[in-house]
There are 2 protein chains.
Amino acid sequence: MKISELAERTGLSAHTIRYYERIGLMPPAPRNGATHRQYDERALNWIEFLGRLKTTGMPIRQMLRYAELRAAGPSSNAERKALLSEHRDAVRQHVEELIACLEVLGAKIASYDD
Amino acid sequence: MKISELAERTGLSAHTIRYYERIGLMPPAPRNGATHRQYDERALNWIEFLGRLKTTGMPIRQMLRYAELRAAGPSSNAERKALLSEHRDAVRQHVEELIACLEVLGAKIASYDD
DNA sequence: CTACAACTTCGAGCGCACTCTAAGTCAATA
DNA sequence: TATTGACTTAGAGTGCGCTCGAAGTTGTAG
C-alpha cells in the first residue's frame, strides 16, 4: 500500500510516517521504482505497536532504542524483552497512580454536593 | 513560608511556581513588605491538587479554566464540578486504554519466551 | 553596618513530538 | 499525450510546559 493508505489505516498523517522513518522509528520503506514508498501489513502492525507504546507514555527515545534492537535481529531478543518489561512495570505503576488520583478527584467532586 | 520552602515541599522549582502565578494557575501571592512572596498551607494544597490534575493528564489550559472558576468564588461550584467530572471520565477511559495496552505488552513480552 | 544568600522581574531558550510549506517529481487516468 | 493529484525532500514553524540566565534588590546573620 502507499503512504496515504497507511496513514489512513493508522490514523497518523503521511507527514508523521515520514518523520518516523527519518528519525529511525520505522525502517526505510522499500520504494516503488526508486521513489514512492510501498508498505505491507508488517509496517501497519509495527505502527500499531508503536501506538501502544506511545499511549502508555513511552518517549520516542526509548521507542527508538527498541526499534534499533528490532532491526538488529533475534540476537537482541533478551534486551528487547527487558526493555518492554521495564516499561510494563512503569505503566503498571502509573495506572496505580491514576487510580489514586481518581479517588482524590472523586472526593473533590463529591464535596461540591455540600 | 517563602517560595523556596514551598518549592521544596511541593517538588516544584521556585521558577515553576512563579511561572504558575504568571500564567494565572496560582493566585498572586501576598508579599512580605511589597517584595518577597509569602505562602500558607492553602497554597501548598492547591499546588498538590494541581499536581493530581497534571498527573492525570489535564492540560494547563483546562487547569487555568478551573483556577479561574475557583477565583470566581462559590457561584462557580456547579461548573467546577462539571469540569472535574468530565475530566474524571476522561481519566477513567484512559486507564481502561492503558490496561488494554498492558495486555498487548504482556503478550509481546511472553512471545520472547518462544 | 556589612556581607551575602535568597529573593525579584523580564525575557530568552529548550526538549519533545510533531506539523506544515515550498518546490519539485511521478504515476495513473481521460 | 496532457493533466492532475499524490508523491518526494529539506527545512522551518508550532504548541506545550517548563527552565534558565542576567541584572538588580532585599532581608538576615555576624
Side-chain angles (χ1 to χ4, degrees), chain A residues 1-40 43-44 46-68 87 90 94 97 101, chain B residues 1-40 43-44 46-68 87 90 94 97 101:
Chain A
M1 75 188 90
K2 345 187 200 178
I3 198 169
S4 55
E5 188 184 340
L6 183 63
E8 194 178 347
R9 291 176 67 180
T10 58
L12 298 182
S13 70
H15 278 306
T16 301
I17 293 170
R18 285 189 214 102
Y19 163 71
Y20 278 4
E21 179 177 323
R22 203 158 72 220
I23 66 173
L25 260 194
M26 303 272 300
R31 303 306 180 101
N32 175 11
T35 52
H36 294 197
R37 290 172 179 81
Q38 279 298 314
Y39 295 98
D40 57 14
L44 182 63
W46 176 237
I47 287 187
E48 281 171 353
F49 186 66
L50 287 180
R52 310 270 182 197
L53 297 182
K54 182 182 157 188
T55 294
T56 51
M58 184 184 284
I60 280 190
R61 286 280 158 108
Q62 208 172 338
M63 293 189 210
L64 218 47
R65 174 87 189 117
Y66 185 75
E68 278 165 13
H87 180 59
H94 185 53
E97 222 177 0
C101 286
Chain B
M1 76 189 90
K2 349 189 197 178
I3 198 169
S4 56
E5 187 183 340
L6 183 64
E8 195 177 347
R9 290 177 66 181
T10 58
L12 299 182
S13 70
H15 275 306
T16 301
I17 293 170
R18 284 189 215 102
Y19 163 71
Y20 278 4
E21 180 177 324
R22 203 158 72 219
I23 66 174
L25 260 194
M26 303 272 299
R31 304 307 179 101
N32 174 12
T35 52
H36 293 197
R37 290 171 179 82
Q38 279 298 317
Y39 294 98
D40 57 14
L44 181 65
W46 175 239
I47 287 186
E48 281 170 353
F49 185 65
L50 288 180
R52 311 269 182 199
L53 297 182
K54 181 182 157 188
T55 293
T56 52
M58 184 184 284
I60 280 190
R61 285 278 159 105
Q62 209 171 338
M63 294 189 210
L64 218 47
R65 175 86 189 116
Y66 185 75
E68 277 164 14
H87 180 59
H94 185 52
E97 222 178 0
C101 286

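Only heavy atoms go into these numbers, but all of them, side chains included; no hydrogens, no water, no symmetry mates. Below, chain A is the first sequence line, B the second, and so on; all start at residue 1.
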Subject >> Side chain of A:His36 (C-beta onward), nearest among C:dC26, C:dC20, D:dG27 >> reply: C:dC26
Original post:
Is there side-chain contact between A:Tyr20 and A:Leu12, with at least one heavy-atom pair below 4.5 Å?
Top reply: yes
**OP:** Flag the pair B:Glu5 and B:Arg9 as a salt bridge only when some basic side-chain nitrogen lies within less than 4.0 angstrom of an acidic carboxylate oxygen.
**Re:** yes
What is the distance, to the nearest angstrom, from the [atom1] atom on [X] to the [atom2] atom on [N]?
X: B:Arg31; N: D:dT25; atom1: CZ; atom2: P; answer: 16 Å
X: A:Arg37; N: C:dA27; atom1: CZ; atom2: P; answer: 14 Å
X: A:Leu50; N: C:dC18; atom1: CG; atom2: P; answer: 10 Å
X: A:Leu6; N: D:dC7; atom1: CG; atom2: C1'; answer: 14 Å
X: B:His15; N: C:dC10; atom1: NE2; atom2: C1'; answer: 12 Å
X: A:Lys54; N: C:dC16; atom1: NZ; atom2: P; answer: 15 Å
X: B:Ile3; N: D:dT26; atom1: CD1; atom2: P; answer: 17 Å

**OP:** Return no unless some side-chain N or O of A:Thr35 is found under 4.0 Å from OP1 or OP2 of C:dA27.
**Re:** yes
Original post:
Would you say C:dA27 has OP1 or OP2 under 4.0 Å from some side-chain N or O of A:Lys2?
Top reply: no
Closest non-hydrogen atom pair, [X] against [Y]:
X: B:Glu21; Y: B:Arg31; answer: OE2-NH2, 3.8 Å
X: A:Gln38; Y: A:Asn32; answer: CG-CB, 3.5 Å
X: A:Ser13; Y: A:Ala7; answer: C-CB, 4.0 Å
X: A:His94; Y: B:Thr55; answer: CE1-O, 3.8 Å

Original post:
Should we count CZ of B:Arg52 as having more than 12 external heavy atoms under 6.0 Å?
Top reply: no
Original post:
What do you reckon, is CD of A:Glu8 surrounded by more than 12 foreign heavy atoms closer than 6.0 Å?
Top reply: no
Subject >> Any residue of residues 57-64 of chain B with a heavy atom less than 4.0 Å from an atom of DNA chain D >> reply: B:Pro59, B:Ile60, B:Arg61
Subject >> Residues within residues 16-29 of chain A bordering DNA chain C, heavy-atom distance below 4.0 Å >> reply: A:Thr16, A:Tyr19, A:Tyr20, A:Arg22
Original post:
B:Trp46 side chain to B:Leu25 main-chain N or O, any donor-acceptor pair under 3.5 Å?
Top reply: yes
**OP:** On DNA chain C, check which nucleotide each of A:Asn32 and A:Leu12 is closest to and give me the residue with the more 5' one.
**Re:** A:Leu12
Original post:
When the nearest nucleotide of DNA chain D is assigned to B:Ser13 and to A:Ser4 on a heavy-atom basis, which residue is associated with the more 5' position?
Top reply: A:Ser4
